[in-house]
Amino acid sequence: PAPALLQEPEEFRALPGLGIEAKVQGHVVHVGNRAWMRACGVDDAPALPLQEQLEAEGKTAALVAVDGRLRLLVGIADMVKPEARDTISTLHRMGKRVYMLTGDNSRTAAAVASQVGIP
């Protein structure tokens with residue numbers, strides 16, 4: 001029989017702000033940001049141009065490595081609510097200063113801020 005697509009990890013640990021580490025069918029899997037990949041000894045240089053492009057588009061880049069080799073780059077985006085730009089514009093017209101607080105990297109944050117009209 002074919003193996004199931006998803007397997008329960010034999011080991012799992014989450015590191016807030018960085019990513020996860022799991023052992024799945026004997027393979028070490030790391031998922032997370034660039035800092036986590038580098039801390040795990042994974043060479044992320046080949047993915048850097050695409051990662052920067054995704055971040056410039058307002059997406060968070062998540063990298064996936066298996067057994068120390070980069071295997072996948074995923075762009076994850078929160079959808080900006082359609083009314084966000086108008087709401088922020090109204091606040092500006094009222095003389096209010098608008099700030100955005102985020103845990104995303106600066107490129108992603110700048111792209112989202114630009115989409116909604118936050119200087």
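Reckoned from all heavy atoms, side chains included, excluding hydrogens, waters and symmetry mates. The residues of the chain are indexed from 1 along the displayed sequence.
Using a 3.5 Å distance cut-off with no hydrogens or angles, the side chains of Arg85 and Ser89 do not pair a donor with an acceptor.
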Please tabulate, one pair per line, all N/O donor-acceptor pairs under 3.5 Å involving side-chain atoms of residues 108-119, not counting sequence neighbours.
residue : atom : partner : partner atom : Å
Thr108  : OG1  : Lys59   : O            : 2.9
Thr108  : OG1  : Asn105  : OD1          : 3.4
Thr108  : OG1  : Asn105  : ND2          : 3.2

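Taken to the nearest 0.5 Å, the CD atom of Glu8 stands 10.5 Å off from the CD atom of Glu10. Atoms CZ and CG, from Arg97 and Leu91 in turn, are 13.5 Å apart once rounded to the nearest 0.5 Å. Summarising the geometry, atom OG1 belonging to Thr90 is positioned 13.0 Å from atom NZ belonging to Lys96; distances are rounded to the nearest 0.5 Å. Of the inter-residue distances, the one linking Glu55 atom CD with Gln53 atom CD reads 11.0 Å to the nearest 0.5 angstrom.
The cluster map of Ile, Leu, Val, Met, Phe, Trp and Tyr, joined by side-chain heavy atoms under 4.5 Å apart, puts Leu15 and Val74 in different clusters. Note on Leu73: it does not cluster hydrophobically with Val31, by side-chain heavy-atom contacts below 4.5 Å among ILVMFWY residues. Trp36 and Phe12 sit in two unconnected hydrophobic clusters of ILVMFWY residues. Membership requires side-chain heavy atoms under 4.5 Å apart, directly or through other members. If you chain together hydrophobic residues whose side chains sit under 4.5 Å apart, Leu50 and Val64 never meet in one group. Cluster annotation: Ile20 is not connected to Val42 through the hydrophobic network of ILVMFWY side chains, with a link wherever side-chain heavy atoms come within less than 4.5 Å.
For Glu83, the CD atom sits in a packed shell: over 12 heavy atoms of surrounding residues, nucleotides or ligands are nearer than 6.0 Å.
Here the side chains of Gln7 and His27 are not in contact, with every heavy-atom distance at 4.5 Å or above.
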*Check the pair Arg71, Val29 against side-chain contact (heavy atoms from CB on, under 4.5 Å), reporting the backbone distance first and the verdict last.*
CA-CA 10 Å; Arg71 296 295 185 188; Val29 179; over 6 Å; no
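Counting all heavy atoms, side chain and backbone alike, Met37 lies closest to Leu63 at CE-O, 3.5 Å. The shortest heavy-atom contact between Ala61 and Gln51 is CB-CG, 3.4 Å.
Between the side chain of Asp44 and the backbone N or O of Arg38, no donor-acceptor pair lies under 3.5 Å.
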